[in-house]
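On a predicted model such as this, the values are computed, not experimentally measured, just so you know. Throughout, protein chains are lettered first and strands after them, A, B, ... in sequence-line order, and every chain is numbered starting at 1.
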Amino acid sequence: MRYRLLFQDSNIVKSLLKKIAYIFAVLCIWQFVHVLGRYFDLIFPTPIQVASFLWHACADGTLIGAIWITIKRLVLGYSVSVLIGIPMGMLCSRFYILNACIGKLVLGLQTLPSICWVPLTLLWFGQTDRAILFVVTMGSLWSLIASTESSVRQIPSVYVKAARTMGARGVNLWLTVIFPAALPLIITGMKQSWAFAWRSLMSAEIYISTIGGLSIGQLLHYGREMQAMDQVMGMIFIIIAIGLIAEKVLFANVERILHKRWGFIKSSN
Amino acid sequence: MAETDVKICASHVSKAFTRDHCFIKVLEDISFSVQAGEFVAILGPSGCGKSTLLNMVAGLEPCEKGNIIVDEYHTDQPERHRMMMFQEAALFPWYNVLSNVVYGLRFKKGLTNTERKTIASYYLHMVGLDYFERAYVHELSGGMKQRVALARALAPNPQILLMDEPFSALDALTCEQLYKDVQKIWNMQHKTILLVTHNVREAVVLAQRVIVLSQRPGKILKDFPIQLPYPRYVHDVSVSALANELVNVLHTKGGVDDYIACV
Ligand SMILES: Nc1ncnc2c1ncn2[C@@H]1O[C@H](COP(=O)(O)OP(=O)(O)OP(=O)(O)O)[C@@H](O)[C@H]1O
Ligand SMILES: [Mg+2]
């Protein structure tokens with residue numbers, strides 16, 4: 001038993017070392033391309049320059065401040081989407097008329113690239129935080145309504161039958177059976193809608209410059225205006241990192257646990 | 001058994017579904033009655049409309065023609081005194097075992113939550129799952145799931161238990177054990193049980209009477225009494241003999257007249 005634990009530990013260390021080695025190799029190739037191509041630092045900075053930008057931005061607090069502002073907007077805009085989208089999707093799956101009325105509208109708006117909301121939101125709200133939140137919500141809401149609606153339609157009907165024989169009706173049936181039964185699929189829809197929210201936020205932040213603190217999108221944008229390629233690349237890394245952490249660490253884990261418990265995938269032991 | 005004590009009475013029940021513009025006749029002119037406390041099995045080939053019939057008795061689906069009367073009431077709504085077990089266990093994976101059983105009592109008025117839990121524990125004990133109250137559904141084996149489903153169906157103390165092939169996905173040994181348990185519970189609690197199955201031996205082991213349905217559209221071919229003493233075991237010679245006899249009935253009478261009229 002003990003031996004196996006140790007063995008597993010060393011496996012973890014091994015795979016970690018492997019990952020570090022891969023990353024190091026990629027960085028070496030990057031540096032090599034820079035030297036070989038005799039690119040200007042202005043166009044193609046070295047990994048060390050990008051790292052030093054990130055280090056300085058961290059040290060003087062701009063990066064932390066920007067991440068804070070951006071995450072706050074993301075959470076706010078996305079929360080509005082969730083609070084409206086999930087109930088709305090469930091209502092759509094329950095009431096045929098509602099689905100007939102707004103179902104097509106939802107499908108249409110879902111295909112609209114979120115950047116297309118920017119002209120509208122600028123006229124409505126001006127260069128404010130609210131304009132950005134509007135884009136984030138519009139970018140994620142419609143896909144969430146559509147996915148929630150289809151999640152609810154996919155639940156096994158035997159759950160509803162069983163609950164009805166046990167006396168569950170109306171709102172009780174929805175809260176204690178239909179919603180939890182659809183939850184794993186709803187979470188999958190939420191993950192996708194989160195990705196839309198994140199992309200919308202980046203477009204909005206680049207296009208809409210607000211007064212107040214700098215955000216991640218703005219740092220990226222100013223990097224271009226100041227022709228500071230190390231800043232542009234550094235910010236791209238930060239954006240990727242935030243996306244990965246939320247999608248692969250937060251959502252993926254919740255999704256995996258729910259899918260396992262709800263019996264969508266067989267547990268492997 | 002008193003003739004007057006009719007619990008379930010189906011008269012001239014027919015049912016058809018339309019799917020993809022096709023008109024599928026599923027049940028045709030089904031009439032039968034079940035006495036209070038009787039154990040009746042409905043036996044028929046796959047797809048003949050057994051589940052549909054049971055759903056109609058449960059009040060989950062409307063009758064198209066004819067009617068089903070339980071205790072002098074039409075069965076147009078599900079009621080807690082008719083509980084149902086399904087082909088799949090249909091347990092809720094978002095609750096643990098105890099909460100699943102409590103769910104059957106959740107909408108029963110005049111009980112406190114502790115009383116509900118006590119009753120649920122009692123029935124879990126009855127099906128032999130005392131130590132699994134806190135387990136989640138995905139941690140149970142197929143047989144355990146059906147035991148929990150049985151406890152959940154028994155907890156509201158229904159007068160009628162409707163079972164839709166609850167043992168069809170289980171292995172032979174688990175089935176054998178569950179047959180014993182069901183006989184014991186039926187003997188103890190005097191419920192009226194209507195069991196749907198396509199397994200001849202299962203019907204013979206459990207039921208006092210087997211109603212044999214034809215292939216789709218399901219019609220009643222024969223009403224077959226099983227006069228063997230309880231408790232019965234799957235491997236009893238008398239059970240095998242009767243099962244063989246029933247199989248013969250199925251072969252001689254079950255003409256294939258699959259009937260789909262496309263409109
Ligand atoms: N909601 C529905 N809509 C359309 N057709 C249905 C519906 N429910 C059942 N059917 C059809 O009715 C027929 C009988 O179905 P049912 O589930 O009652 O069969 P069964 O006798 O229980 O079969 P099995 O032993 O495989 O469970 C099948 O052919 C099925 O395709
Ligand atoms: Mg069936």
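- Residues of residues 173-197 of chain A having a heavy atom under 4.5 Å from any heavy atom of chain B, listed by number: T176(A), V177(A), P180(A), A181(A).
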task: Show your working on side chain to side chain contact (heavy atoms under 4.5 Å, CB included) between L60(B) and R164(A) and close with a plain yes or no.
output: CA-CA 8 Å; L60(B) 291 167; R164(A) 283 181 60 210; 3.9 Å; yes
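- Taking a 6.0 Å sphere around CZ of R199(A), one finds it holds 12 or fewer heavy atoms contributed by other residues, nucleotides or ligands.
- With contacts defined as side-chain heavy-atom distances shorter than 4.5 Å, the pair Q77(B)/R169(A) qualifies.
- No more than 12 heavy-atom neighbours from other residues, nucleotides or ligands sit within 6.0 angstrom of CD1 on I97(A).
- For H81(B), the NE2 atom is densely surrounded, since the number of other residues' heavy atoms within 6.0 Å is greater than 12.
- To the nearest 0.5 Å, the span separating CH2 on W262(A) from OH on Y136(B) amounts to 8.5 Å.
- For residues 141-158 of chain A, the interface with chain B (any heavy-atom pair closer than 4.5 Å) comprises V158(A), sorted by residue number.
- For L91(B) against Y159(A), the heavy-atom pair with the smallest separation is O-CE2, 3.2 Å.
- One distance of note links CG of N55(B) with NZ of K161(A); it measures 4.0 Å at 0.5 Å rounding.
- Heavy-atom distances place the side chain of F86(B), and not its backbone, under 4.5 Å from chain A.
- Checked options M84(B), R152(B), K108(B); the residue passing with M166(A) is R152(B) (criterion: side-chain contact (heavy atoms from CB on, under 4.5 Å)).
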